[in-house]
Structure formats: C-alpha cells, structure tokens
Enquirer: 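Okay, here's the structure, questions in a sec.
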Amino acid sequence: MNAEVRIGALITKNKEVISTALKFAQARLSPPGLGQIVGEASIDTPANYFKDVNMEYTTRRNYMVEALNKIPGVYCPKPKGAFYTVVRLPVDDSDKFAQWLLEEFEFCKSDCNGCPGFRILFHAGLRKE
C-alpha cells in the first residue's frame with residue numbers, strides 16, 4: 001500500500017489549459033478523492049505537528065544517507081528538501097540487479113515487494129555504467 005498523498009490545485013480561465021488538464025484528470029493522474037479529503041483535513045492540523053514530522057523524517061533521511069555512504073562503492077547524495085534520494089550502487093548491470101532483487105533477495109522473510117516502504121526505481125537510460 002502506498003501511503004503517499006499528493007494534492008494541489010489548478011486554477012485558470014484558459015480553455016486550452018482546462019481541456020488538457022481534464023485529459024490528465026481522466027487518465028487518473030490527478031489526486032484521488034481520498035487524497036483531496038486528507039488534504040482538506042490537514043488545513044486544521046497544528047503547525048507543530050508538521051514541524052515535528054519534518055524533523056523526524058529529516059533525521060531518518062540523514063541517517064540512511066550517512067549509512068549508505070559508509071558502504072564501499074555506494075554514493076548517496078544528501079537531498080536538499082526531499083525525503084528520498086537516488087543511490088549509485090556498485091553493480092555492473094542494473095537489469096540483472098533488479099531481477100536478482102525481485103527473484104532471489106529476501107528481507108524480513110519476504111521478497112522486496114513484501115517489504116513495507118521498499119521501493120526501487122531504475123532509470124532505463126542508466127542500465128549499465
């Protein structure tokens with residue numbers, strides 16, 4: 001289950017922009033109804049909650065970046081605002097690595113797809129270095 005919720009608003013009188021935005025919305029690339037409800041409810045959330053959550057996520061992110069950079073051959077830049085990053089791993093072929101993760105790797109007695117919060121993305125243009 002993905003716990004992310006992304007919200008926003010598009011306000012315009014430009015009919016071409018409205019028409020194009022409608023196409024994206026109909027393709028389900030717009031925020032889901034639940035995300036909009038959560039976004040509206042968050043307006044009444046005390047500011048200190050967001051500050052505390054931000055501090056906690058920043059601490060976790062910094063810990064992971066530092067830990068990853070201690071691994072020989074791994075490079076993990078420190079993001080300047082995001083709580084995710086792109087990591088360079090010492091692998092010869094990311095296609096083979098991704099296949100190994102999906103077919104053979106186990107963590108918590110589960111494959112990668114069963115680990116809460118585990119996500120790995122491979123850019124097609126960076127298959128081999």
Enquirer: Drop me the distance from L68's CG to R88's CZ, to the nearest 0.5 angstrom.
Expert: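 Between L68 CG and R88 CZ, I get 13.5 Å after rounding to 0.5 Å.
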Enquirer: With sequence neighbours left out, what residues match N54 under side-chain hydrogen bond (donor to acceptor under 3.5 Å, both in side chains)?
Expert: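 Per chain and number, N54 pairs via side-chain hydrogen bond (donor to acceptor under 3.5 Å, both in side chains) with T58.
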Enquirer: Any chance you could measure N62, atom CG, to Y57, atom OH, to the nearest 0.5 Å?
Expert: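 Answer for the CG-OH pair, N62 versus Y57, is 14.5 Å.
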Enquirer: State, yes or no, whether a side-chain contact exists between V65 and P79 at a heavy-atom distance under 4.5 Å.
Expert: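 SC-SC contact between V65 and P79 confirmed.
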Enquirer: Name all residues meeting the side-chain hydrogen bond (donor to acceptor under 3.5 Å, both in side chains) criterion together with E104; count only those two or more places apart in sequence or in a different chain, and write none if there are none.
Expert: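 Per chain and number, E104 pairs via side-chain hydrogen bond (donor to acceptor under 3.5 Å, both in side chains) with no residue.
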Enquirer: Does R60 have any salt bridge (charged side-chain N to carboxylate O under 4.0 Å, His left out) partners at least two apart in sequence or in another chain, and if so, which?
Expert: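 Result, salt bridge (charged side-chain N to carboxylate O under 4.0 Å, His left out) vs R60: E56.
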Enquirer: Please round to the nearest 0.5 Å and tell me the distance separating atom SG of C76 and atom NZ of K70.
Expert: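 The SG atom of C76 sits 13.0 Å away from the NZ atom of K70.
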Enquirer: If you round to the nearest 0.5 Å, how far is CE of M64 from CG of N69?
Expert: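 Interatomic distance, N69 CG to M64 CE, rounded to 0.5 Å: 10.5 Å.
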Enquirer: Taking S42 for its side chain and G39 for its backbone only, find out whether a donor-acceptor pair lies under 3.5 Å.
Expert: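 Yes: the side chain of S42 pairs with the backbone of G39.
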Enquirer: Can you see which heavy atom on G73 is nearest to which on P90, and at what distance?
Expert: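 Closest approach of G73 to P90, heavy atoms only: O-CD, 3.5 Å.
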Enquirer: With clusters defined by side-chain heavy atoms of hydrophobic residues (ILVMFWY) lying less than 4.5 Å apart, directly or transitively, does I71 cluster with V86?
Expert: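 No, separate clusters.
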Enquirer: Assess whether side-chain contact (heavy atoms from CB on, under 4.5 Å) is satisfied between K78 and R61, documenting all intermediate values.
Expert: CA-CA 8 Å; K78 187 174 182 181; R61 179 206 58 204; 3.9 Å; yes
Enquirer: Indicate, with yes or no, if F97 and Y75 share a hydrophobic cluster defined by side-chain heavy-atom contacts under 4.5 Å among Ile, Leu, Val, Met, Phe, Trp and Tyr.
Expert: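 They do not share one cluster, since no chain of ILVMFWY contacts under 4.5 Å joins Y75 to F97.
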